[in-house]
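Below is one structure, written out as structure tokens; the observations come after it.
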Amino acid sequence: MVLVALQFGVHPSRSRSALTYGEIEGGDRSLAQPRECSKGNSMRHRSLLTAIAAAALLSLTLAGCSGEKAAEKLDPAEGPLAKYMSGIYAGFDEDSVIAQQNEQQELVAVCMSDEGFEYTPIDAAQYSGMMGDSGEEYGTEKWVAENGYGMVQSPEQLAAQQEESEAYVDPNQDYLESLSAGEQTAYNEALNGPQPSEEEIADGSYVDSYEAKGCYGAAFEEVNGDQPSPEDHAALYEAMGAMYETAQASPLLVKLDAEWATCMADAGYATFTKKSEPSEFIMNEMTALSETETGVDDQALAALHEKELAMAMVDYTCAEELNYDEATTKVQFELEEQFITDHKSELDALIADYEQGK
């Protein structure tokens with residue numbers, strides 16, 4: 001999202017028409033982006049830990065946060081590990097992040113002035129509406145019926161998102177375009193830091209750090225503190241990822257997958273054996289469409305969108321009949337409780353590092 005991009009120093013200034021929906025999200029605008037599972041997830045990308053936890057949770061629940069039953073019983077976002085580490089993510093609501101972004105923007109302006117350039121702070125509130133769904137209905141029967149897995153979007157949905165993205169106003173665009181080509185390069189390097197060469201990336205000599213990210217990196221570090229590097233706790237992150245992967249081998253989930261596959265086959269979808277597969281199938285189909293020489297045409301996109309809606313609705317119905325989400329959440333909670341017991345010292349060290357950096 002733009003908020004995340006600004007937070008980490010990816011400045012959107014290029015050309016006045018460059019900010020299409022897909023570019024804001026980080027890809028081809030024809031490629032739909034899976035929606036976030038819980039309210040505020042789009043703002044929780046401060047560490048590799050969050051990315052692993054979010055991806056693992058999506059993998060564990062397999063179809064996402066679907067099911068009103070699960071919401072009434074166990075909430076995956078309220079698991080033992082999330083509660084144990086809640087201090088890291090305290091205050092990560094939309095309003096606080098917007099305020100944080102605006103504080104960073106003021107610091108960027110001062111830094112850019114020191115570098116000899118003009119810079120007008122960007123008000124983060126103007127694109128808060130681009131942050132996606134609130135999450136209040138995600139995964140309910142109504143949501144699935146309208147969005148499927150949230151991967152493929154109809155031409156009408158893309159057009160609406162394109163219109164929304166074009167409302168974004170970069171107050172620095174006119175100034176940037178008034179500079180010579182050389183000055184623009186210097187401006188962007190001052191703002192974002194010099195871009196690493198392919199050789200530096202290939203040989204591993206490039207060191208990613210706040211200092212290497214120009215004024216944006218300096219502003220982010222000043223506002224957020226000296227956050228620990230993912231490498232500082234790499235073993236813990238790997239263990240956490242392995243824990244969630246272990247869930248897939250749980251006898252309970254293996255049995256549930258078999259029952260779910262039978263239900264899907266009865267409805268005409270006999271090729272799937274695991275609940276993760278239908279959404280993966282749709283994503284692969286979307287990728288294949290995007291890789292054609294002519295690009296994604298509206299007719300093919302609309303057809304895939306309808307296929308997704310039908311498949312996701314059957315998937316949802318089968319999962320509801322089996323109470324699938326409740327079962328996966330129970331497995332998740334059991335694994336997390338054991339993980340906390342086995343890795344308490346490492347978790348406490350990670351939390352302490354983040355608290356020291358705040």
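Positions are given from 1, in the same order as the sequence printed here.
Annotation for Tyr316 and Gly139: closest pair CE1-O, 3.3 Å, computed over non-hydrogen atoms. Residue Ala82 comes nearest to Glu336 through the heavy atom pair N-OE1, 4.4 Å, listed as atom of the first residue, atom of the second, then distance. The two atoms that bring Ala247 and Leu253 nearest to each other are O-CD1, 3.1 Å, heavy atoms only. Closest non-hydrogen pair, Val314 versus Ala267, comes out as CG1-CB, 3.5 Å. Gln104 approaches Ala219 most closely through the heavy-atom pair O-CB, 3.6 Å.
Here the CG atom belonging to Asn284 is positioned 11.5 Å from the CG atom belonging to Leu289, to the nearest 0.5 angstrom. Distance OG/Ser178 to CD/Gln173: 10.5 Å, rounded to 0.5 Å. Atom NE2 of residue His305 and atom CE of residue Met286 lie 11.5 Å apart, to the nearest 0.5 angstrom. To the nearest 0.5 angstrom, Glu146 atom CD is 11.0 Å from Glu141 atom CD. Note: Tyr187 OH to Met112 CE = 4.5 Å, rounded to the nearest 0.5 Å. Here the CZ-SG distance, from Phe117 to Cys111, works out to 11.0 Å after rounding to the nearest 0.5 Å.
Residue Glu222 places its CD atom among 12 or fewer non-hydrogen atoms of other residues, nucleotides or ligands, all under 6.0 Å distant.
Residues passing the ring-ring contact (aromatic ring centres under 6.0 Å, His included) test with Tyr84, sequence neighbours excluded: none. In this view, His233 satisfies the ring-ring contact (aromatic ring centres under 6.0 Å, His included) rule with no residue, not counting sequence neighbours.
Figure legend: Lys213 and Phe220 shown without cation-pi pairing, the cationic atom not lying both under 6.0 angstrom from the six-membered ring centre and within 45 degrees of its axis.
When only modelled atom types and interatomic distance are considered, Thr287 and Glu291 share no side-chain donor-acceptor pair under 3.5 Å. A donor-acceptor contact under 3.5 angstrom links the side chains of Tyr119 and Gln105, judged on distance only. Side-chain contact, Glu231 with Tyr237: no donor N or O sits under 3.5 Å from an acceptor N or O.
Hydrophobic cluster membership is shared by Met243 and Leu252, with clusters built from Ile, Leu, Val, Met, Phe, Trp and Tyr side chains linked at under 4.5 angstrom. Val144 and Leu309 fall into different hydrophobic clusters, defined by Ile, Leu, Val, Met, Phe, Trp and Tyr side-chain heavy atoms under 4.5 Å apart, directly or through other members. Side-chain heavy atoms closer than 4.5 Å link hydrophobic residues (I, L, V, M, F, W, Y) into clusters, and following such links, possibly through other members, connects Leu335 to Met85.
For Thr262 (side chain) and Ala258 (main-chain N/O), a donor-acceptor pair under 3.5 Å exists by modelled atom type. Using modelled atom types, no side-chain atom of Asp325 and backbone atom of Ala319 make a donor-acceptor pair closer than 3.5 Å. Checking side-chain atoms of Tyr149 against main-chain N and O of Ile282 turns up no donor-acceptor pair under 3.5 Å. Within the 3.5 Å criterion, the main-chain N or O of Thr120 finds a donor-acceptor partner in the side chain of Asn172. Between the Asp257 side chain and the Lys275 main chain, a donor and an acceptor come within less than 3.5 Å of each other. Glu346 places no side-chain N or O within donor-acceptor distance of the main-chain N or O of Leu236, the cut-off being under 3.5 Å. Using modelled atom types, no side-chain atom of Asn147 and backbone atom of Gly150 make a donor-acceptor pair closer than 3.5 Å. Within the 3.5 Å criterion, the main-chain N or O of Leu176 finds a donor-acceptor partner in the side chain of Gln184. Without hydrogens or angle criteria, Asp315 side chain to Met311 main chain gives no donor-acceptor distance under 3.5 Å.
Annotation: side chain of Gln153 is not in contact with side chain of Leu301 (no heavy-atom distance under 4.5 Å). Using a 4.5 Å heavy-atom cutoff, the side chains of Trp260 and Leu256 are not in contact. Proximity of Thr317 to Glu320: side-chain heavy atoms (C-beta onward) are nowhere separated by under 4.5 Å. Between Leu81 and Tyr244 there is a side-chain heavy-atom pair separated by less than 4.5 Å.
Screening Leu347, Thr341, Asp348 against Lys344 for a side chain to side chain contact (heavy atoms under 4.5 Å, CB included) leaves a single residue, Asp348.
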Task: Lys274 and Gln248: CA distance, side-chain angles, deciding distance, side-chain contact (heavy atoms from CB on, under 4.5 Å) verdict - done: CA-CA 10 Å; Lys274 295 182 179 180; Gln248 306 309 306; 5.9 Å; no
- [ ] Check the pair Gln101, Ile98 against side-chain contact (heavy atoms from CB on, under 4.5 Å), reporting the backbone distance first and the verdict last.
- [x] CA-CA 5 Å; Gln101 294 296 319; Ile98 288 175; 5.6 Å; no
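Salt-bridge check for Lys330 with Glu334: failed, with every basic side-chain N at 4.0 Å or more from each acidic carboxylate O.
Ring pair Phe281/Phe272 is perpendicular by interplanar angle, where above 60° counts as perpendicular and below 30° as parallel.
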